[in-house]
Amino acid sequence: MIQITSTIAIDEGEIEESFIRSPGPGGQNVNKVASAVQLRFNLARNTSLPGDVRARLMKLAGSRLTRDGVLIIGAHSYRSQEHNRREALDKLIDLVRHAAVSPVPRHKTKPTRASKQCRLDSKDRRSKIKRLRRRDGED
């Protein structure tokens with residue numbers, strides 16, 4: 001079990017890892033070694049995450065989420081497979097931690113009397129500037 005928060009944990013069996021060849025420069029070794037990691041986490045079939053966290057995670061995932069509900073996270077920063085594996089897992093943990101925080105509800109507020117007056121004053125100044133730009137016969 002991978003502990004995300006005090007209440008949320010993900011089973012390691014729900015995460016699939018595949019290793020692919022890393023893009024970019026790397027010398028002679030780059031075409032022989034599959035050091036980049038592609039981590040797949042199926043959100044649609046997941047049972048360990050609460051529903052609200054899963055919904056926020058789907059929203060946060062954006063283009064990393066497939067139509068089937070699979071979250072794909074790639075990591076290819078390092079030359080070693082183990083470092084890239086750790087980086088991909090850290091990315092997933094950070095994403096789930098971010099989704100676990102529920103958004104603070106917005107409270108409606110009215111503009112203050114001073115802010116209303118300031119807005120009206122700026123509109124008045126702007127209209128005076130535009131009025132001065134006109135020629136005499138255009139009123």
Side-chain angles (χ1 to χ4, degrees):
M1 293 295 276
I2 301 167
Q3 197 68 33
I4 307 293
T5 64
S6 59
T7 56
I8 299 172
I10 296 175
D11 184 27
E12 291 175 15
E14 295 178 337
I15 298 171
E16 296 175 25
E17 291 175 339
S18 58
F19 300 98
I20 54 175
R21 279 193 231 141
S22 189
Q28 296 172 347
N29 209 30
V30 75
N31 294 326
K32 293 186 269 180
V33 180
S35 60
V37 178
Q38 203 174 51
L39 187 136
R40 292 174 169 268
F41 181 62
N42 196 331
L43 285 171
R45 290 189 294 131
N46 182 272
T47 56
S48 59
L49 292 177
D52 57 336
V53 174
R54 190 178 316 125
R56 283 194 294 269
L57 186 57
M58 285 181 161
K59 198 172 190 179
L60 279 173
S63 63
R64 293 177 283 193
L65 191 69
T66 65
R67 289 186 189 137
D68 302 328
V70 178
L71 176 66
I72 300 174
I73 296 175
H76 54 82
S77 299
Y78 300 100
R79 289 182 69 172
S80 99
Q81 201 177 69
E82 193 54 43
H83 277 96
N84 285 330
R85 174 187 262 169
R86 185 70 225 164
E87 182 190 10
L89 194 59
D90 287 343
K91 284 180 182 180
L92 176 66
I93 291 170
D94 287 344
L95 207 59
V96 175
R97 276 194 185 133
H98 191 69
V101 178
S102 59
V104 179
R106 183 182 177 277
H107 299 287
K108 288 184 180 179
T109 57
K110 289 186 176 180
T112 62
R113 189 180 301 141
S115 68
K116 286 180 184 176
Q117 190 60 46
C118 181
R119 182 181 62 85
L120 293 173
D121 289 345
S122 69
K123 284 169 71 82
D124 190 39
R125 274 194 307 273
R126 190 77 187 143
S127 71
K128 283 180 185 173
I129 289 170
K130 289 191 172 199
R131 204 176 316 132
L132 288 172
R133 287 185 194 152
R134 290 187 199 157
R135 291 189 204 149
D136 292 335
E138 288 186 28
D139 287 326

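- The line from CG of L57 to CG of L92 is 7.5 Å long, rounded to the nearest 0.5 Å.
- The CG atom of L89 lies 10.0 Å from the CG atom of D94; values are rounded to the nearest 0.5 Å.
- At least one side-chain heavy atom of L95 sits less than 4.5 Å from a side-chain heavy atom of R64.
- Residues K116 and R113 form no side-chain contact, since every pair of their non-hydrogen atoms from C-beta on lies 4.5 Å or further apart.
- Cluster partners of V37, using a side-chain heavy-atom cutoff of under 4.5 Å among ILVMFWY residues and allowing indirect links, are F19.
- Of the charged side-chain nitrogens involved, at least one lies within less than 4.0 Å of a carboxylate oxygen, so that R86 and D90 count as a salt-bridged pair.
- Note that CD of Q38 is 10.5 Å distant from CD1 of I73, once rounded to the nearest 0.5 Å.
- In this structure, A99 and V53 approach most closely via the heavy-atom pair CB-O, 3.8 Å.
- Using a 4.5 Å heavy-atom cutoff, the side chains of H83 and R85 are not in contact.
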Practice prompt. Decide side-chain contact (heavy atoms from CB on, under 4.5 Å) for K128 and K130; before the verdict, give the C-alpha distance in whole Å, the side-chain angles of both, and the deciding distance to 0.1 Å.
Written response: CA-CA 5 Å; K128 283 180 185 173; K130 289 191 172 199; over 6 Å; no

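- For the atom pair D121 CG and R126 CZ, the distance stands at 15.5 Å (nearest 0.5 Å).
- Hydrophobic side-chain contacts under 4.5 Å tie I129 to no other Ile, Leu, Val, Met, Phe, Trp or Tyr residue.
- Although no hydrogens or angles enter the test, the distance criterion places a donor-acceptor pair under 3.5 Å between the side chain of K91 and the main chain of G74.
- Minimum interatomic distance between V96 and L49 (heavy atoms only, all atoms of both residues): CG1-CD2, 4.0 Å.
- Nearest heavy-atom pair across R56 and A100 is NH2-O, 3.6 Å.
- With hydrophobic clusters built from ILVMFWY side chains whose heavy atoms lie under 4.5 angstrom apart, I72 does not share a cluster with F41.
- Taken together through direct or relayed side-chain contacts under 4.5 Å among Ile, Leu, Val, Met, Phe, Trp and Tyr, V70 and L39 form parts of separate hydrophobic clusters.
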